[in-house]
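Worksheet for the structure shown next.
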Amino acid sequence: MPELPEVETVRSGLAPSLTGAVVDSIEILDVRSLKRHAGGPADFEATLTGRRILGVVRRGKFLWLPLEARDGDPEGKPIALVGHLGMSGQMLLRNPGHSEDKLTRVIVHATEADGTKTEFRFVDQRIFGSLAIDVLIPTTDGAPGGFSAGVAVGESWENLIPHSAAHIARDPLDPSFDSAKFLAKLRTKNTGIKRAILDQNLISGVGNIYADESLWQSKLHYDQQAKTLSAAKAKELLTAIGDILTAAVKVGGTSFDEQYKNVNGESGYFEISLNAYGRTGTECNRCGTPIQRDSWANRGSHFCPRCQRLR
DNA sequence: ATGGACACCTGTGGGC
DNA sequence: TGCCCACAGGTGTCCA
């Protein structure tokens, strides 16, 4: 469920507590949450325990925590704890002794830089999300691997990205996002516009909610071929994406059920301003026509059949 | 390069 | 109340 604004809300919530914190111990309640860790649960625990966390970084929907190097690291390569929330993941910070959170899969016990004890709890209903330790490699453009405003320890990890996230394009809130390059590439794509903006190799961070919202905002049908967009229309769409993601980050992400929570276990409020997603049958806020939901690519697409015509 | 189907999972809500 | 089906914010892989 979480898209860029939800993941950014989690990132900014984790950073003050976890930057500079040291991992004391790990509790693995469900090994399936570690399925993307190549070495298995025992290796995960051994590699993470005793490490200092250097920062909290995000690109698109991927989060990672660069870890302090130590003797015995394979090939002396820097590593990070990489997290993805999948459809239903949550990362909660709890005081020791806090009541248990349902569907908790992994708990990392840590001591913050000021000595405070804390618990980082990875909660995930559907287990499409994961935690894994991965090597960090240099970014191809030499710029920082992702977004990590604020506190940090050192900068040896700055221009690196986890190997498992290296194929993910920069997101539109990344200072190193190249708008001109994205727009040019978008207009060569021989595919529908929604498919294109959901392609994390082209632009990252956009998921089903914000895709539908951005297309509604710029009056585009989800199946409109990307290559038919004028330069101006493509730019209008990118502006809508940026504006909507920014607005959603400001209110702490979107949530309409128990599945998305910030690190304190609280929900966001963006649902009040959704114009298309989840509004099947209700009147379009622009023209009054009922919003339609089509089955599309094994999921749903919400749009106004009058404002967003296929051309 | 593109797209479709499917796999990975659990939980909830609606209809009957 | 119980059962079955549809549906849910994502990603990766295999196969035409």
Side-chain angles (χ1 to χ4, degrees), chain A residues 1-10 29-38 58-63 82-91 101-106 122-132 134 162-169 171 185-215 222-227 241 244-245 248-249 251-262 267-271 273-274 276-281 293-302:
Chain A
M1 345 205 213
E3 304 180 35
L4 185 151
E6 294 74 42
V7 181
E8 174 55 23
T9 301
V10 169
L29 306 178
D30 195 321
V31 295
R32 293 175 297 178
S33 287
L34 302 180
K35 62 192 167 190
R36 300 203 63 190
H37 180 73
R58 180 192 57 73
R59 179 187 290 203
K61 306 170 198 170
F62 281 79
L63 267 184
V82 182
H84 198 290
L85 300 177
M87 291 278 270
S88 55
Q90 299 172 23
M91 294 179 181
D101 293 288
K102 256 174 83 176
L103 305 170
T104 301
R105 309 301 186 186
V106 179
F122 185 69
V123 174
D124 191 5
Q125 178 200 113
R126 296 177 72 181
I127 322 185
F128 288 172
S130 62
L131 296 178
D134 194 12
H163 181 260
S164 53
H167 62 295
I168 301 297
D171 63 67
K185 218 166 165 184
L186 178 69
R187 296 180 60 227
T188 68
K189 281 284 173 182
N190 199 15
T191 190
I193 189 62
K194 180 166 174 177
R195 191 177 291 278
I197 61 175
L198 286 175
D199 180 353
Q200 306 294 302
N201 301 292
L202 192 60
I203 184 173
S204 69
V206 180
N208 209 31
I209 295 179
Y210 299 110
D212 283 358
E213 292 302 304
S214 305
L215 293 171
Y222 57 86
D223 264 344
Q224 186 71 41
Q225 289 297 109
K227 56 158 58 160
I241 293 171
I244 289 167
L245 292 179
V249 167
V251 298
T254 297
S255 66
F256 30 76
D257 60 21
E258 288 302 300
Q259 293 313 316
Y260 168 70
K261 298 286 185 66
N262 70 11
S267 298
Y269 297 100
F270 196 68
E271 80 274 17
S273 52
L274 292 179
Y277 186 86
R279 297 200 60 230
T280 312
R293 177 191 180 278
D294 283 4
S295 283
W296 176 87
N298 286 328
R299 50 213 312 202
S301 218
H302 310 75

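All values below come from the heavy atoms of this structure, side chains included, with hydrogens, waters and symmetry mates left out. Sequence lines set the chain letters: A, B, ... in the order given, protein chains first and strands last, and positions in each chain run from 1.
Here A:Lys189 does not reach the OP1 or OP2 of B:dA1: none of its side-chain N or O atoms lies under 4.0 Å away. Remark: A:His84 is not in phosphate contact with C:dG10, judged by side-chain N or O atoms under 4.0 Å from OP1 or OP2.
Look at CG on A:Leu131: it is 15 Å from P on C:dT11, rounded to the nearest Å. Note: CD (A:Gln225) to P (B:dG3) measures 7 Å, nearest angstrom. As rounded to whole Å, 11 Å separates atom P of C:dG10 from atom CH2 of A:Trp296. With rounding to whole Å, A:Tyr210 atom OH is found 14 Å from C:dG10 atom C1'. Protein atom CZ of A:Arg299 is 18 Å distant from nucleotide atom P of C:dA6, rounded to whole Å. Protein atom CG of A:Asp199 is 12 Å distant from nucleotide atom C1' of B:dG3, rounded to whole Å. Atom OH in A:Tyr277 sits about 12 Å away from atom C1' in C:dG10, given to the nearest Å. Here the C1' atom of nucleotide B:dT10 and the NZ atom of A:Lys102 are 11 Å apart, to the nearest Å.
Rounding to the nearest 0.5 Å gives a distance of 8.5 Å between OH of A:Tyr277 and CZ of A:Arg293. Here the CG atom belonging to A:Asp124 is positioned 8.5 Å from the CG atom belonging to A:Leu103, to the nearest 0.5 angstrom. Note that CD of A:Gln90 and CG of A:Asn262 are 9.5 Å apart. Values are rounded to the nearest 0.5 Å. To the nearest 0.5 Å, atom CZ of residue A:Arg299 and atom CG of residue A:Leu198 are 6.0 Å apart. Rounded to the nearest 0.5 Å, atoms OH (A:Tyr210) and CD1 (A:Ile197) are 13.5 Å apart.
Between the side chains of A:Ser164 and A:Asp134, at least one donor-acceptor pair of N or O atoms lies under 3.5 Å.
Nucleic acid contact for A:Leu103: sugar-phosphate only, since backbone atoms but no base atoms lie under 4.0 Å from a heavy atom of the residue.
Closest approach of A:Ala196 to A:Leu186, counting heavy atoms only: CB-CD1, 3.7 Å. The two atoms that bring A:Ala297 and A:Arg195 nearest to each other are CB-NH2, 4.1 Å, heavy atoms only.
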Anything under 3.5 Å between a protein N or O and an N or O of nucleotides 4-8 of chain B, put it in a table, one pair a line.
| residue | atom | partner | partner atom | Å |
| --- | --- | --- | --- | --- |
| B:dG4 | OP2 | A:Arg195 | NH2 | 3.0 |

Expected rows: protein N/O vs nucleotides 12-16 of chain C N/O, under 3.5 Å:
| residue | atom | partner | partner atom | Å |
| --- | --- | --- | --- | --- |
| C:dG12 | OP2 | A:His167 | NE2 | 3.3 |

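Between the P atoms of B:dC6 and C:dC7, the separation comes to 15 Å (whole Å). Comparing the same atom, P, in C:dA6 and in B:dA5 gives a spacing of 15 Å after rounding to whole Å. The separation of C:dC15 from B:dA1, taken at their C1' atoms, amounts to 14 Å, rounded to a whole angstrom.
For A:Gln125 and A:Gln200, each mapped to the nucleotide of DNA chain C holding its nearest heavy atom, the one lying further toward the 5' end belongs to A:Gln125.
With sequence neighbours left out, the salt bridge (charged side-chain N to carboxylate O under 4.0 Å, His left out) criterion links A:Lys61 to no other residue. With sequence neighbours excluded, no residue forms a ring-ring contact (aromatic ring centres under 6.0 Å, His included) with A:Phe122. By the side chain to side chain donor-acceptor pair (under 3.5 Å) test, A:His84 is found to be paired with no residue, residues two or more places apart in sequence or in another chain being considered.
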Using Watson-Crick and G-U wobble pairs whose two distances are both under 3.5 Å, how do you write the pairing of DNA chain B as dot-bracket, with | for links to another strand? .|||||||.|||||||
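A salt bridge between A:Asp171 and A:Arg58 is present, with a side-chain N of the basic residue lying under 4.0 Å from a carboxylate O of the acidic one.
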